[in-house]
Amino acid sequence: MKKVTSLQDANGKDLSRGDLVTTLTDHVTAKVVELASDLDTGFVRIKPVSYSVGKGVWHAAEHVLFLRKGN
């Protein structure tokens, strides 16, 4: 996978590192940690807000929804 600086979510809104998103399947609120692309598919690594440790979980960018910009 190749690291990228921005991707689009399920609604076509731009995602960048630090943004707050929610997943479509299990409705977890999480912060975007990393963005990557592989063969025209975008992936975001998100770290749930309730987790204090860990590196996060990869999700396809079209399976998350933008909530608000990060600080």
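Throughout, residue positions are numbered sequentially from 1 according to the sequence presented. The analysis underlying the following values was restricted to heavy atoms, covering all of them including side chains, and did not include hydrogens, waters or symmetry mates.
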Between R17 and V33, is there a donor-acceptor pair closer than 3.5 Å when you use the side chain of the first and the backbone of the second?
yes
Can you tell me how far apart CG (L15) and OG1 (T5) are? Round to the nearest 0.5 Å.
11.5 Å
How close do S16 and L35 get, counting heavy atoms only, and between which atoms?
CA-CD1, 3.7 Å
Salt bridge (charged side-chain N to carboxylate O under 4.0 Å, His left out) involving K2 - partner list, sequence neighbours excluded:
none
Are Q8 and D14 packed together at the side-chain level, in the sense that at least one heavy-atom pair is separated by less than 4.5 angstrom?
yes
If you measure from NZ on K69 to NZ on K13, what distance do you get to the nearest 0.5 Å?
10.0 Å
What heavy-atom pair brings I46 and H59 nearest, and what distance separates the two atoms?
CD1-CD2, 3.3 Å
For T41, what residues pass the side chain to side chain contact (heavy atoms under 4.5 Å, CB included) criterion, not counting sequence neighbours?
F43, E62
Inter-residue atom distance R45.CZ - M1.CE, 0.5 Å rounding
9.0 Å
So, does D9 use its side chain to make a donor-acceptor pair with the main chain of F66 at under 3.5 Å?
yes
Using the rule that two of Ile, Leu, Val, Met, Phe, Trp, Tyr join whenever any of their side-chain heavy atoms come within less than 4.5 Å, decide whether V44 and V4 are in one cluster.
yes
Drop me the distance from N11's CG to L24's CG, to the nearest 0.5 angstrom.
8.0 Å
Taking the side chain as every heavy atom from C-beta outward, state whether T23 and V64 have any pair of such atoms under 4.5 Å apart.
yes
